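Take this structure first; my questions come after.
As the structure is a prediction and not an experimental result, all values here were calculated from the model.
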Number of protein chains: 2
Amino acid sequence: MEGIGRYSAAVYRLGQSIFNSKLKDLDISSGQYDFFLVIAKNEGINQKELGEWLYVEKSTTAKAVRQLETKGYICKKQVKKDKRYSSLYLTEKGREAASVVESVFNEMLDVYSKDIPENVIEDNISVLKKVINNLQEEKSRYTMSDRLTEDC
Amino acid sequence: MEGIGRYSAAVYRLGQSIFNSKLKDLDISSGQYDFFLVIAKNEGINQKELGEWLYVEKSTTAKAVRQLETKGYICKKQVKKDKRYSSLYLTEKGREAASVVESVFNEMLDVYSKDIPENVIEDNISVLKKVINNLQEEKSRYTMSDRLTEDC
DNA sequence: AAATATTAGTTGACAATGAAACTAATATTT
DNA sequence: AAATATTAGTTTCATTGTCAACTAATATTT
């Protein structure tokens, strides 16, 4: 058998590259657009949830969020009940940009799935989700290894 | 519909992360192991072929190859008939490391595909290949755009 | 044969990302 | 209530990767 890893990697990198080409005019690049879109569709979301949704580390989320904030697309509001959290919202500028980014995103969906039946894509996604679960389990096994090796 | 891109990205990054944990002792890291393995299984291969196989840019290949060379795992031999090419071979040290890296790679294959039937994985890979083709076509459309916009 | 294209590989600048150590806030234990 | 642990987010550093401009070698055109 031969690696799902290699092909996923290719899909990821090619996708990033094309996104950057398509978004060249806008000042939102491949490292930010998905954070941006998730915030746009889930205003009020916090960074923890955002990172979990995109399967990235919290440091990555922090950086993407800061960039989007610096560029004026989003703003952060500290949550009063628990000041550790902050909720993320679009600014006016963000709301204007959202439709452009969304349409590029939709273009990309068509590129990915060109000549592939929708149900095949869906099956594919559910397999990838299962693979991700497997990987997350394995990763947490490593991350937790301090504790585990102490106890067992 | 919702994005194959996001899931492929997650598979890619989680995979890299776990590889790094597993290879912590060895001084071959996630950015090099697949180049190393492809060379190990195809001694004499050149950088162009290597990069095509892994779907990466030639500059990425160049850097990974140099790292592996610096660390003493592989060596380059310029091709006499066409001096632009060089063929890549394992050193003694490389040959020793290969079996270790291979076994980690095989462990990873099991992680990816845990509780997923082999034929499902295979179907999945063939869909991903199709997606990659789609992306490559789109990417070349952008890369070629200088010429295209001039002519048309 | 000289001029021009293309090709394999290199290099430098830069973006994206994870790991680890950190801070501040809240929860849990004692 | 004080001590301890956990949690959300930040910061710093190292690694991975692309892009674009470059060199040297070969192929193609004129």
Quiz item: Atom NZ of Lys71(B) to atom C1' of dT15(D): distance rounded to whole Å?
Solution: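 In whole Å, dT15(D) C1' and Lys71(B) NZ are 10 Å from each other.
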Quiz item: What is the distance from NZ of Lys24(A) to C1' of dA15(C), rounded to the nearest Å?
Solution: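 About 14 Å, once rounded to whole Å.
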Self-check item: Sequence neighbours excluded, every pair satisfying ring pair (Phe, Tyr, Trp, His ring centres under 6.0 Å) that has a member inside residues 56-80 of chain A
Solution: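 Sorted result for residues 56-80 of chain A: Phe36(A)-Tyr73(A).
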For nucleotides 25-28 of chain D, list the nitrogen or oxygen atoms of the protein found under 3.5 Å from its nitrogen or oxygen atoms, one pair per line.
from: dT26(D); atom 1: OP1; to: Lys83(B); atom 2: N; distance (Å): 2.8

Quiz prompt | Syn/anti state of dA27(C) by chi, 90° boundary around 0 | solution =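 Anti, since the glycosidic angle lies more than 90° from 0.
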Quiz item: Do Ser59(A) and dA19(C) have a side chain to base donor-acceptor pair shorter than 3.5 Å?
Solution: yes
Practice problem: Give, for atom CD1 of Ile28(A) and atom NZ of Lys71(A), the distance between the pair rounded to the nearest 0.5 Å. | Solution: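 Spacing of CD1 (Ile28(A)) from NZ (Lys71(A)) equals 7.0 Å.
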Practice problem: For Ser29(A) and Asn20(A), test the side chains for any donor-to-acceptor distance below 3.5 angstrom and give the result as yes or no. | Solution: no
Quiz prompt | Rounded interatomic separation in angstrom, taking NZ from Lys76(A) and P from dA24(C) | solution =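 Rounded to whole Å, this separation is 15 Å.
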Practice problem: Give the rounded distance in Å between these two atoms: OH of Tyr85(B) and C1' of dA24(D). | Solution: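 These atoms are roughly 14 Å apart.
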Quiz item: Does Gln16(A) put a side-chain nitrogen or oxygen below 4.0 Å from OP1 or OP2 of dA16(C)?
Solution: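 So the side-chain polar atoms of Gln16(A) never come under 4.0 Å of the phosphate oxygens OP1 or OP2 of dA16(C).
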Exercise. Establish, from distance only, whether the side-chain atoms of Gln67(A) and Thr70(A) form a donor-acceptor pair under 3.5 Å.
Key: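 Gln67(A) vs Thr70(A): no donor-acceptor pair found between side chains.
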Quiz item: Taking atom C1' of dA19(C) as reference, at what distance in whole Å does atom CG of Leu23(B) sit?
Solution: 16 Å
Quiz item: Atom CZ of Phe19(A) to atom P of dC19(D): distance rounded to whole Å?
Solution: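 Answer to the nearest Å: 14 Å.
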Exercise. Output yes when at least one side-chain N/O atom of Ser86(B) is less than 4.0 Å from OP1 or OP2 of dA8(C), else no.
Key: no
Quiz item: Where along residues 36-49 of chain B does a heavy atom fall under 4.0 Å from DNA chain D?
Solution: none
Quiz prompt | Nearest heavy-atom neighbours spanning Gln78(A) and Ser86(A) | solution =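 That would be CA-CB, 3.9 Å.
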Quiz item: Should the pair Lys93(B)-Glu96(B) be classified as a salt bridge under the 4.0 Å nitrogen-to-oxygen rule?
Solution: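 Salt bridge flag = no for Glu96(B) with Lys93(B).
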Practice problem: Using atom CZ of Arg13(A) as one end and atom C1' of dA16(C) as the other, report the distance to the nearest whole Å. | Solution: 13 Å
Quiz prompt | Within-4.5 Å side-chain heavy-atom neighbours: Asn134(B) and Tyr112(A) | solution =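 Asn134(B) vs Tyr112(A): side chains apart.
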Exercise. Could you work out which one of dC19(D), dT16(D), dT10(D) sits closest to the side chain of Ser30(B)?
Key: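 Looking only at side-chain atoms, Ser30(B) lies closest to dT16(D).
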Self-check item: Watson-Crick and G-U pairing of DNA chain D written in dot-bracket, each distance under 3.5 angstrom, with | for inter-strand partners
Solution: |||||||||||||||||||||||||.||||
Pair up each side-chain donor or acceptor in residues 59-66 of chain B with any protein partner under 3.5 Å, not counting sequence neighbours, and list the distances.
from: Thr61(B); atom 1: OG1; to: Glu57(B); atom 2: O; distance (Å): 3.3

Quiz prompt | Side-chain ion pair, Lys22(A) and Glu138(B), N-O less than 4.0 Å | solution =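 Salt bridge flag = yes for Glu138(B) with Lys22(A).
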Self-check item: Shortest side-chain distance from Tyr12(A), nucleotide among dA20(C), dA16(C), dG17(D)
Solution: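 Selected nucleotide (nearest to the side chain): dA16(C).
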Quiz prompt | side-chain N/O Lys139(A) vs dA19(C) OP1/OP2, d < 4.0 Å | solution = yes
Practice problem: Look at the side-chain N and O atoms of Ser17(B) and state whether any lies under 4.0 Å from the OP1 or OP2 oxygen of dA19(C). | Solution: yes
Quiz item: Within the distance-only criterion (no hydrogens, no angle test), does the side chain of Ser8(B) pair as donor or acceptor with the backbone N or O of Ile4(B) below 3.5 angstrom?
Solution: yes
Quiz prompt | Those residues of residues 60-68 of chain A lying under 4.0 Å from DNA chain C by at least one heavy atom | solution = Thr60(A), Lys63(A), Gln67(A)
Quiz item: Between Tyr12(A) and Ala9(B), which heavy-atom pair has the shortest distance, and what is it?
Solution: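 In this case the closest contact between Tyr12(A) and Ala9(B) is CD1-CB, 3.3 Å.
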Self-check item: Donor-acceptor pair between Asn46(A) and Ser87(A) side chains, under 3.5 angstrom
Solution: no
Quiz item: If you pin Gly31(A) and Ser21(B) to their nearest nucleotides in DNA chain C, which one's is more 5'?
Solution: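 Its nearest nucleotide lies further toward 5', so the answer is Gly31(A).
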Quiz prompt | Test: Glu43(A) and Lys77(A) ion pair at under 4.0 Å | solution = no
Quiz item: Does a salt bridge link Glu137(B) with Lys114(A), judged by any charged N lying under 4.0 Å from a carboxylate O?
Solution: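 Looking at Lys114(A) together with Glu137(B), the answer is yes, because their closest N to O distance falls below 4.0 Å.
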Quiz item: Tyr55(A) and Arg6(B): which non-hydrogen atoms are nearest, and at how many Å?
Solution: CE1-NH2, 3.8 Å
Quiz item: Leu14(A) has an atom CG; how far is it from atom P of dT16(D), in whole Å?
Solution: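 Value for this atom pair: 19 Å.
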